[in-house]
Amino acid sequence: MKFCTHSKIFSISLNMSETENNTTTPEDDQTEYVEDGKNKMTIKCQFCGSKILEKKTAKYIPQKKELPLMKQDVNRKEGEVQKEMLDGYYHVENMYIFENIGFTHQVESYKYLICADCDAGPVGYYDLDTKHSYVALSRVIHC
């Protein structure tokens, strides 16, 4: 039987009153999930288990980037998008490397990446200028 694990990266909720402090750091996740600079396990959606990336297909980068929360607070101001700063992404140079991924509408020069099967996300973002994709380690499971 194979078990999947979820990354525990330190994150800061910019629009929330509390800050989440996890005991692991991005460096811990890098050694657990990264081998030779690439994802050493298959990457799957944390909600439906759909395969997003095969192992060893994406390069790890210790980038910090703000993404909208996957679950927005129903009591937020109208039109407000709650975001959090995430540290640690898989860099995917070609969108055809993905096994399963969906794209949202354009926001500035980005499109957000979502699970193509259950629409959960965003799990990362697609940069329209570079045509590269970035999947947040903390938004997926590793199998």
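Note that the coordinates shown come from a computational prediction; the quantities given were computed from them, not determined experimentally.
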Rounded distance [0.5 Å steps], [atom1] in [X] versus [atom2] in [Y]:
{"X": "Glu84", "Y": "Leu67", "atom1": "CD", "atom2": "CG", "answer": "7.5 Å"}
{"X": "Ile114", "Y": "Ile101", "atom1": "CD1", "atom2": "CD1", "answer": "8.0 Å"}
{"X": "His132", "Y": "Ile61", "atom1": "NE2", "atom2": "CD1", "answer": "10.5 Å"}
{"X": "Tyr126", "Y": "Tyr134", "atom1": "OH", "atom2": "OH", "answer": "10.5 Å"}
{"X": "Lys59", "Y": "Asp36", "atom1": "NZ", "atom2": "CG", "answer": "12.5 Å"}

State, with a plain yes or no, whether a side-chain heavy atom of [X] is found less than 4.5 Å away from one of [Y].
{"X": "Lys131", "Y": "Met95", "value": "no"}
{"X": "His105", "Y": "Val107", "value": "yes"}
{"X": "Leu128", "Y": "Tyr110", "value": "no"}
{"X": "Tyr33", "Y": "Ile43", "value": "no"}

The side chain to side chain donor-acceptor pair (under 3.5 Å) partners of Asn100 (sequence neighbours excluded) come to Ser50, Asp117

Evaluate the side chain to side chain contact (heavy atoms under 4.5 Å, CB included) criterion for residues Leu113 and Ser133: first the C-alpha distance (whole Å), next the side-chain angles of each, then the deciding distance (0.1 Å), finally the verdict. CA-CA 8 Å; Leu113 303 177; Ser133 300; 3.9 Å; yes

Backbone N or O of Val74 within a donor-acceptor pair of the Gln72 side chain at under 3.5 Å? no

Would you say the side-chain atoms of Gln82 pair up with the backbone N or O of Asp73, donor to acceptor, closer than 3.5 Å? yes

Answer yes or no: are there more than 12 heavy-atom neighbours, outside Lys64 itself, under 6.0 Å from its atom NZ? no

More than 12 non-hydrogen atoms from neighbouring residues, nucleotides or ligands closer than 6.0 Å to NZ on Lys65, yes or no? yes

hydrophobic_cluster_shared for Ile97 and Tyr90, side chain cutoff 4.5 Å: yes

Could you go through Phe98 and Thr57, starting from their C-alpha distance and side-chain angles, then the distance that decides it, and tell me whether this counts as side chain to side chain contact (heavy atoms under 4.5 Å, CB included)? CA-CA 9 Å; Phe98 286 105; Thr57 55; over 6 Å; no

What's the shortest heavy-atom distance between [X] and [Y], and which atoms?
{"X": "Ala136", "Y": "Leu86", "result": "CB-CD1, 3.8 Å"}
{"X": "Cys48", "Y": "Cys45", "result": "N-SG, 3.5 Å"}
{"X": "Pro68", "Y": "Val81", "result": "CB-CG1, 3.8 Å"}
{"X": "Leu69", "Y": "Pro122", "result": "O-CD, 4.4 Å"}
{"X": "Gln46", "Y": "Arg139", "result": "NE2-O, 2.9 Å"}
{"X": "Leu53", "Y": "Ala58", "result": "CD1-CB, 3.9 Å"}

Steps toward side chain to side chain contact (heavy atoms under 4.5 Å, CB included) verdict (Met70, Val123): CA-CA 8 Å; Met70 292 181 89; Val123 297; 4.3 Å; yes

Is there a side chain to side chain contact (heavy atoms under 4.5 Å, CB included) between Tyr60 and Leu137? Walk through the geometry before answering. CA-CA 9 Å; Tyr60 172 80; Leu137 271 73; 3.9 Å; yes

Write out all pairs satisfying salt bridge (Lys or Arg N to Asp or Glu O under 4.0 Å) with one or both partners inside residues 38-51, taking only residues at least two apart or from two chains. Lys51-Glu54

